[in-house]
Number of protein chains: 2
Amino acid sequence: MKFTKNNNCNDCTLKCDIYNALKESGEDFSIIKPIHVYYDRNEYICKQGSSVTHAIYLVEGSAKLFIEGLNNRNITLYIITPDSYIGLLSFFETPDYSYSVKAIESSRICMVDIDTMKKLYAGNHDFLLKLNKAFGKSVKSILGKIITLNQKNIRGRIADSLLYLSELYKSDSFNMLLSRKELGELSAISEENAVRLLTELRKEGIINVTGKNITIVDKKLLRKISEIG
Amino acid sequence: MKFTKNNNCNDCTLKCDIYNALKESGEDFSIIKPIHVYYDRNEYICKQGSSVTHAIYLVEGSAKLFIEGLNNRNITLYIITPDSYIGLLSFFETPDYSYSVKAIESSRICMVDIDTMKKLYAGNHDFLLKLNKAFGKSVKSILGKIITLNQKNIRGRIADSLLYLSELYKSDSFNMLLSRKELGELSAISEENAVRLLTELRKEGIINVTGKNITIVDKKLLRKISEIG
DNA sequence: AATAAAAGTTGTTTTAAAACAATGTTGTAA
DNA sequence: TTACAACATTGTTTTAAAACAACTTTTATT
């Protein structure tokens with residue numbers, strides 16, 4: 001982890017919501033002092049229980065958002081890719097993060113002090129509504145996850161996770177960046193069963209597996225499995 | 001289900017957020033035309049998949065918010081009591097409800113057209129922030145639920161549900177209003193096991209059970225069970 | 001290159017909870 | 001006041017998935 005202060009939004013290639021809101025407001029860019037941070041794989045970007053001090057935006061790389069459960073068992077809710085908010089679910093109301101985020105590859109984030117954010121959306125209604133929209137979307141996906149985790153068998157769950165990753169990376173062939181254990185955590189499956197299921201699906205000709213590289217061969221069938229298990 | 005139109009907020013004893021926002025704005029109360037609806041036990045207040053057309057506020061009674069899952073199996077996320085929003089989780093972004101709500105006793109709700117709501121919070125920043133705050137709180141409780149459902153055993157889960165209900169009704173002795181099946185759905189447990197666990201806890205002297213009336217006798221122990229199962 | 005550590009794999013055993021089944025109880029509508 | 005449905009209870013069986021164990025492969029580290 002290393003960080004740089006004194007960044008200037010004008011030099012940033014990413015024209016994020018915050019930038020746009022600020023530009024619209026006509027305010028000086030000096031009011032926000034964005035901090036850029038670089039993380040290696042497996043480093044915490046934010047930790048469940050710690051206080052929410054900044055709005056965090058993922059600029060580069062990818063990260064997993066997970067809840068830290070009992071006896072070190074985690075459940076990964078989803079993978080975050082650029083460019084989207086990391087701090088979102090805990091942004092309103094809660095003083096502390098109710099989840100953790102870890103980089104799953106080298107990643108870069110940009111963070112803006114929460115007071116500055118508040119000032120910003122106090123004067124910009126659309127900005128707040130945009131935050132809400134993203135927020136609402138997250139919630140919807142979480143509700144779907146609850147059903148998946150509680151009502152599908154492990155075969156259906158792993159199929160779900162693979163389809164999810166394929167959609168996330170917008171390709172039938174992708175490097176999932178996750179270890180077998182982490183893939184398990186995305187589907188609430190033990191590591192051993194995650195391995196077994198990947199092997200099973202491979203032998204059935206539904207996917208190809210080479211290390212962490214997955215290719216979905218028969219998407220139709222995988223979708224069926226996701227439905228009926 | 002029966003409803004009344006042409007209600008006047010000035011006659012309403014409940015001075016809700018919407019009322020207050022409107023009053024502050026100085027607008028005429030005639031711009032909102034609240035509809036009051038009465039529901040019997042087990043009637044749908046809103047149905048998963050149907051479109052979000054109104055903001056719904058629970059005025060009287062209580063209701064369960066649940067996700068309709070696979071083969072008619074539901075998971076109840078929480079119980080709603082007055083006075084709070086029902087439509088909240090689906091209020092932003094999503095055009096359709098991603099969950100259902102049913103009355104668990106005779107209940108009364110008040111609903112306001114969503115366009116009116118939008119007009120209202122367009123001119124009232126604090127009102128929107130208040131909505132967000134309530135929203136954030138819901139999300140936090142749902143994240144906790146995910147861990148409970150996936151990582152605790154059924155004994156821990158039922159303990160959780162009983163503690164939750166006791167907190168909700170602000171008493172160690174309460175009528176849970178839920179059938180054994182519904183209590184099961186609140187904890188993702190089969191009806192049979194819900195019965196067995198209640199009997200078990202009763203025999204251990206931790207709770208008293210008379211029909212739907214529950215009394216928590218040993219709260220400390222129940223908390224312990226909720227933790228360790 | 002050698003060695004340790006982490007990650008992945010496969011077979012076997014255990015177990016928690018659902019499903020099934022049968023029966024009892026209560027509430028409610030004719 | 002009977003009768004039928006919904007709800008509740010208890011015992012038994014089945015099963016899906018975790019846990020355990022042993023081993024292999026890959027990846028870092030000295």
Side-chain angles (χ1 to χ4, degrees), chain A residues 40-43 64 69-75 102 104-106 148-161 175-203 207-214 225 228-229, chain B residues 40-43 64 69-75 102 104-106 148-161 175-203 207-214 225 228-229:
Chain A
D40 289 330
R41 169 163 166 83
N42 265 327
E43 281 188 310
K64 59 175 179 178
L70 289 27
N71 5 19
N72 290 318
R73 293 176 55 216
N74 304 325
I75 293 177
K102 265 188 183 177
I104 56 172
E105 62 177 326
S106 299
T148 296
L149 294 186
N150 288 285
Q151 303 195 340
K152 290 188 182 179
N153 63 15
I154 52 172
R155 205 171 140 85
R157 298 213 291 273
I158 204 113
D160 261 9
S161 289
N175 177 342
M176 65 176 178
L177 297 175
L178 304 168
S179 71
R180 302 298 193 257
K181 186 167 189 289
E182 287 176 310
L183 178 62
E185 285 174 349
L186 186 60
S187 329
I189 296 179
S190 69
E191 182 182 2
E192 294 94 323
N193 277 334
V195 170
R196 257 184 278 267
L197 287 162
L198 284 182
T199 312
E200 205 173 286
L201 292 172
R202 180 174 54 68
K203 283 187 181 159
I207 59 171
N208 274 333
V209 184
T210 318
K212 289 179 180 171
N213 289 98
I214 307 282
I225 290 168
I228 63 161
Chain B
D40 289 331
R41 168 163 166 83
N42 265 327
E43 281 187 310
K64 58 176 179 179
L70 288 28
N71 0 24
N72 291 317
R73 292 176 54 216
N74 305 325
I75 292 178
K102 265 188 181 176
I104 57 173
E105 63 177 325
S106 299
T148 295
L149 293 186
N150 287 285
Q151 302 195 340
K152 290 188 182 178
N153 63 14
I154 53 172
R155 206 170 138 85
R157 299 213 290 273
I158 204 113
D160 261 8
S161 290
N175 177 343
M176 65 176 178
L177 298 174
L178 304 168
S179 71
R180 302 299 193 256
K181 187 167 188 292
E182 287 175 310
L183 178 64
E185 285 174 347
L186 186 60
S187 330
I189 297 179
S190 69
E191 182 182 1
E192 293 95 324
N193 278 333
V195 170
R196 256 184 279 267
L197 288 162
L198 284 182
T199 311
E200 206 173 285
L201 292 172
R202 179 173 54 70
K203 283 186 181 159
I207 59 171
N208 275 333
V209 184
T210 318
K212 290 180 180 170
N213 289 98
I214 306 282
I225 290 168
I228 61 161

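First the proteins, then the strands, lettered A, B, ... as listed; each starts at 1. Computed from a prediction, not measured in an experiment: that's the story for all the values here.
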Undergrad: Taking A:D40's backbone N and O only, do any of them form a donor-acceptor pair with A:E105's side chain (distance below 3.5 Å, no angle check)?
TA: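 Not confirmed, A:E105 side chain does not pair with A:D40 backbone.
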Undergrad: Which nucleotide, C:dA21, C:dA18, D:dA17, lies nearest any side-chain atom of B:R157?
TA: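 Looking only at side-chain atoms, B:R157 lies closest to C:dA18.
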Undergrad: With the side chain of A:E192 defined as its heavy atoms from C-beta on, choose the nearest nucleotide among C:dA18, D:dA21, C:dG8.
TA: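 Minimum distance to the A:E192 side chain belongs to D:dA21.
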Undergrad: Report the distance from atom CD1 of B:I189 to atom P of D:dT9, rounded to the nearest whole Å.
TA: 14 Å
Undergrad: Please tell me if A:T199 has a side-chain N or O lying less than 4.0 Å from either OP1 or OP2 of C:dT10.
TA: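 Yes, within the criterion.
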Undergrad: To the nearest angstrom, how far is A:R180 atom CZ from D:dT27 atom P?
TA: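 These atoms are roughly 11 Å apart.
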Undergrad: To the nearest angstrom, how far is B:L149 atom CG from C:dA16 atom P?
TA: 19 Å
Undergrad: With respect to the side chain of B:R196, which nucleotide from D:dA19, D:dT12, C:dG8 is positioned closest?
TA: D:dT12
Undergrad: In whole Å, I'd like the distance from the NZ atom of B:K152 to the C1' atom of C:dA17.
TA: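 Distance check: B:K152 NZ to C:dA17 C1' gives 18 Å.
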Undergrad: Look at B:R180 together with B:E192 and state whether they make a salt bridge at an N to O cut-off of under 4.0 Å.
TA: no
Undergrad: So which one's nearest nucleotide on DNA chain D is more toward 5', B:R41 or B:R202?
TA: B:R41
Undergrad: Can you check the B:K212 NZ to D:dA6 P distance for me, whole Å?
TA: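 So the two atoms are 14 Å apart, to the nearest Å.
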Undergrad: Between P on C:dA6 and CG on A:N42, what's the gap in Å once rounded to a whole number?
TA: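 So the CG-P distance, A:N42 to C:dA6, works out to 12 Å.
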Undergrad: Specify the separation, in whole Å, of atom CD1 of A:I154 and atom C1' of D:dA19.
TA: 13 Å
Undergrad: When you get a sec, tell me which of D:dA18, D:dA19, D:dA8 is the closest nucleotide to the side chain of A:S190?
TA: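 The answer is D:dA18.
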Undergrad: About how many Å separate NZ of A:K64 and CD1 of A:I104, when rounded to the nearest 0.5 Å?
TA: 8.0 Å
Undergrad: Would you mind reading off the distance between B:E185 atom CD and D:dC7 atom P, rounded to a whole angstrom?
TA: 11 Å
Undergrad: Please tell me which of the listed nucleotides, C:dG8, D:dC7, C:dA18, lies nearest to the side chain of A:E191?
TA: C:dG8
Undergrad: What's the separation between atom CD1 in B:I158 and atom CZ in B:R196, rounded to the nearest 0.5 Å?
TA: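 Here the interatomic distance stands at 11.5 Å.
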Undergrad: May I ask you to say what A:A188 touches in the nucleic acid, namely base, sugar-phosphate or nothing, with a heavy-atom cut-off under 4.0 Å?
TA: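 Sugar-phosphate only.
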Undergrad: As an exercise, state the distance from CD of B:E182 to OG of B:S161, rounded to the nearest 0.5 Å.
TA: 12.5 Å
Undergrad: So what does B:N153 hit on the nucleic acid, given a heavy-atom distance under 4.0 Å: a base, only sugar-phosphate, or nothing?
TA: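 Result for B:N153 = sugar-phosphate.
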Undergrad: Let's see if you can work this out: which of D:dC20, D:dA17, C:dA19 has an atom nearest to the side-chain heavy atoms of A:N193?
TA: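 The closest nucleotide is D:dA17.
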